[in-house]
There are 2 protein chains.
Amino acid sequence: MIINSNYKIMTNKKLLNSKLFQNFADTGHRLTAPRKAVLNILSKDMNHPTVEDIYLQVHKGYPSIGMMTVYRTLDLLVEWGIVHKFDFSEGKARYELIDHPEGLGHHHHLICQKCKKIINYTDFINEEIKLITKLEKRLEKNHKFKINNHIIEFYGVCDDCTVTGNNKSIN
Amino acid sequence: MIINSNYKIMTNKKLLNSKLFQNFADTGHRLTAPRKAVLNILSKDMNHPTVEDIYLQVHKGYPSIGMMTVYRTLDLLVEWGIVHKFDFSEGKARYELIDHPEGLGHHHHLICQKCKKIINYTDFINEEIKLITKLEKRLEKNHKFKINNHIIEFYGVCDDCTVTGNNKSIN
DNA sequence: ACCTTATTGATAATGATTATCAATAGCAAT
DNA sequence: ATTGCTATTGATAATCATTATCAATAAGGT
Ligand SMILES: [Mn+2]
Ligand SMILES: [Mn+2]
Ligand SMILES: [Zn+2]
Ligand SMILES: [Zn+2]
């Protein structure tokens, strides 16, 4: 019975209690098992997974899921502003839960131009957010533009690639 | 003769004199007519053109150019840090000259989530750069990460889309 | 003008994302 | 718990930007 697969999927209590799931009821969308499963993986995987990454992980506990459903679920979550879609010119998109129910909240990124590694950092996040907030207010006014979200990314070369002259890309 | 097509392509004197072309000599790459043509278009088009946009414009003055050459030239320019490649999840990349020989220097972006419009802004660029520079120094130290470049983007809804409830996407 | 070899362009191949549509399963009402 | 309506799913085919190939061409040093 379906209870079975649900059981595995709903293990994460913090996720279960998070306001994330509220969106479904609010918007009249159905809270299905595949959607729970995708959200569950997103809440665990901090490594900016691709659609395939997510598909493979969901597939373990939910073998009948199709790749299409992962695509569609992610589209929905992005539309709701729950998930951020990244495009680092790798030919495929990457995804990340914006408000992690546990650990690592809002953060920015360092991106290695050689090995494509993506480093989450929060070193100076308060300082950054302070400026960003101030900027947003003024930009919204000057450009009559409603801001929902932002990205700050630094491109360069990571330590590994500098030291070893690494040239492999990570898939 | 080739002089003919060269003539049209090299019209832009500021571009011709800019240090951009120095890279070719320096790296042992050949300064070919197609490459000049692509650089010339990039120096004029501030609207974050796609490969096809650039191809079509170059094609006017240089009908024999192939799409592949545009791809390859852009790759090269990106590799040299002369051109920035954007990926706004439209299924195709967009490009922009980093140091415009004339007008609009370094800037950041507002991106409309509805119509996909990309707005260049420089309103508070000095203030932003001041923080960014400070951040870069400290991030480079903390993460042993050599920073070459950065992106700041704000996502939201533009005035047109707010007012008219616009829902068309621009290609 | 000649030679070497980087560059080009026509063409085919790849691979992520999107479109389709019949089968399935939330969930609200009974 | 059962029913009925309809959003959602998943298998499959289609799309389309980007890459791979390779023979023909042309930049630039001699
Ligand atoms: Mn991240
Ligand atoms: Mn721009
Ligand atoms: Zn690296
Ligand atoms: Zn808009």
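A, B, ... follow the sequence lines: proteins, then strands. Residue 1 opens every chain.
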Practice task
Please say whether more than 12 non-hydrogen atoms of neighbouring residues, nucleotides or ligands are located less than 6.0 Å from CD in E52(B).
Solution key: no
Practice task
Take the protein atom CG of D87(A) and the nucleotide atom P of dA17(D), then report the distance between them rounded to whole Å.
Solution key: 14 Å
Handout entry: For atom CG of N23(B) and atom P of dA6(C), their distance in whole Å
Key = 19 Å
Exercise for the section: When you get a sec, tell me which of dT17(C), dG10(D), dT8(D) is the closest nucleotide to the side chain of T69(A)? Expected result: dG10(D)
Exercise for the section: Could you check G28(B) against I65(B) and say which one's nearest nucleotide on DNA chain C is further toward the 5' end? Expected result: G28(B)
Practice task
Mind calculating the distance between NZ (K36(A)) and C1' (dG26(C)) to the nearest angstrom?
Solution key: 10 Å
Practice task
Tell me whether the OP1 or OP2 atom of dG10(D) has a side-chain N or O from S64(A) closer than 4.0 Å.
Solution key: yes
Exercise for the section: Report the distance from atom CZ of F88(B) to atom P of dA17(D), rounded to the nearest whole Å. Expected result: 17 Å
Fill in the blank from the handout: Rounded to whole Å, the CD-P distance (E90(B) to dA17(D)) equals 11 Å
Handout entry: Residue from H84(B), H109(B), H106(B) passing ring pair (Phe, Tyr, Trp, His ring centres under 6.0 Å) with H150(B)
Key = H106(B)
Practice task
Check whether any side-chain N or O of R30(B) sits under 4.0 Å from OP1 or OP2 of dG29(D), and answer yes or no.
Solution key: no
Practice task
Would you kindly compare L31(A) and K85(A) by the position of their nearest DNA chain C nucleotide and give the one closer to the 5′ end?
Solution key: K85(A)
Handout entry: Distance under 6.0 Å and angle within 45° of ring axis: R35(A) vs F24(A)
Key = no
Problem - Any T50(A) side-chain nitrogen or oxygen under 4.0 Å from OP1 or OP2 of dA16(C) - result: no
Exercise for the section: Please work out if R72(B) contacts a base, only the sugar-phosphate, or nothing of the nucleic acid, heavy-atom cut-off 4.0 Å. Expected result: base
Exercise for the section: Mind checking the CD1-CG spacing from I82(B) to L74(B)? Nearest 0.5 Å is all I need. Expected result: 11.5 Å
Completion exercise
On DNA chain D, more 5' by nearest nucleotide between M68(B) and G91(B) is G91(B)
Problem - d(OH, Y62(A); C1', dT8(D)) in whole Å - result: 10 Å
Exercise for the section: Report the distance from atom CE of M67(A) to atom P of dT8(D), rounded to the nearest whole Å. Expected result: 21 Å
Problem - Single-linkage hydrophobic cluster W80(B)~L42(B), side-chain heavy atoms < 4.5 angstrom - result: yes
Handout entry: Spacing between K92(B) atom NZ and dT19(D) atom P, to the nearest angstrom
Key = 15 Å
